Trainee: 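Before anything else, here's the structure in question.
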Amino acid sequence: MASSEDPVQREIHQDWANREYIEVITSSIKKIADFLNSFDMSCRSRLATLNEKLTALERRIEYIEARVTKGETLT
């Protein structure tokens with residue numbers, strides 16, 4: 001009887017090993033997804049800040065160009 005349980009026991013142990021492996025893989029994928037989402041939000045925030053600064057600089061350049069075109073002094 002013990003010899004007939006060996007293959008069943010082996011299958012059970014293999015099943016548990018597979019489940020643990022799948023759990024590790026799933027957990028790793030979730031961590032990667034969380035990191036990528038965090039990185040995305042960080043990049044978007046930094047790009048938005050940079051865009052605001054560039055817009056302000058563009059406005060300032062346009063203002064200075066307009067004054068130069070009119071012949072006004074910049075002081």
Side-chain angles (χ1 to χ4, degrees):
M1 190 94 172
S3 63
S4 67
E5 291 180 9
D6 278 349
V8 173
Q9 287 287 0
R10 231 177 306 158
E11 283 186 40
I12 290 171
H13 286 293
Q14 187 62 43
D15 184 57
W16 277 107
N18 288 342
R19 289 171 188 259
E20 288 173 356
Y21 178 73
I22 290 169
E23 182 62 32
V24 168
I25 297 296
T26 302
S27 176
S28 296
I29 290 171
K30 286 179 183 177
K31 287 178 185 177
I32 291 170
D34 289 343
F35 165 77
L36 290 173
N37 286 329
S38 174
F39 182 74
D40 175 61
M41 288 176 28
S42 174
C43 288
R44 287 177 191 264
S45 172
R46 290 179 185 192
L47 286 171
T49 301
L50 185 59
N51 188 46
E52 289 173 9
K53 290 179 181 179
L54 285 173
T55 301
L57 285 173
E58 287 170 347
R59 280 194 222 126
R60 190 168 178 194
I61 289 171
E62 289 172 0
Y63 172 74
I64 292 171
E65 285 176 342
R67 287 187 63 182
V68 168
T69 301
K70 290 182 180 180
E72 299 177 8
T73 59
L74 298 175
T75 56

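Here the structure is a predicted model, which is why all the values come from computation and not from measurement. The chain is numbered in sequence order, starting from 1.
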Trainee: List in chain and number order the residues that pass side chain to side chain contact (heavy atoms under 4.5 Å, CB included) with Ile29, two or more places apart in sequence or in another chain; answer none if no residue qualifies.
Mentor: Ile25
Trainee: Given 3.5 Å as the limit, does a donor-acceptor pair link the side chain of Ser38 with the main chain of Asp34, or not?
Mentor: no
Trainee: Taking the side chain as everything from C-beta on, heavy atoms only, tell me whether Arg10 gets closer than 4.5 Å to Pro7.
Mentor: yes
Trainee: Identify all side-chain donor-acceptor contacts of residues 41-53 below 3.5 Å with residues at least two apart in sequence or on another chain.
Mentor:
from	atom 1	to	atom 2	distance (Å)
Arg44	NE	Asp40	OD1	3.0
Arg44	NE	Asp40	OD2	3.0
Thr49	OG1	Ser45	O	3.1

Trainee: For residues 13-30, which residue pairs qualify under salt bridge (charged side-chain N to carboxylate O under 4.0 Å, His left out), counting only residues two or more places apart or in two chains?
Mentor: Asp15-Arg19
Trainee: Going by the salt bridge (charged side-chain N to carboxylate O under 4.0 Å, His left out) test, which pairs reach into residues 57-66, not counting sequence neighbours?
Mentor: none
Trainee: Drop me the distance from Leu54's CG to Ile61's CD1, to the nearest 0.5 angstrom.
Mentor: 9.5 Å
Trainee: Who passes side chain to side chain donor-acceptor pair (under 3.5 Å) against Tyr63, sequence neighbours left out?
Mentor: Arg67
Trainee: Out of curiosity, does Phe35 fall in the hydrophobic cluster containing Ile32 (side-chain heavy atoms, cut-off under 4.5 Å, transitive links)?
Mentor: yes
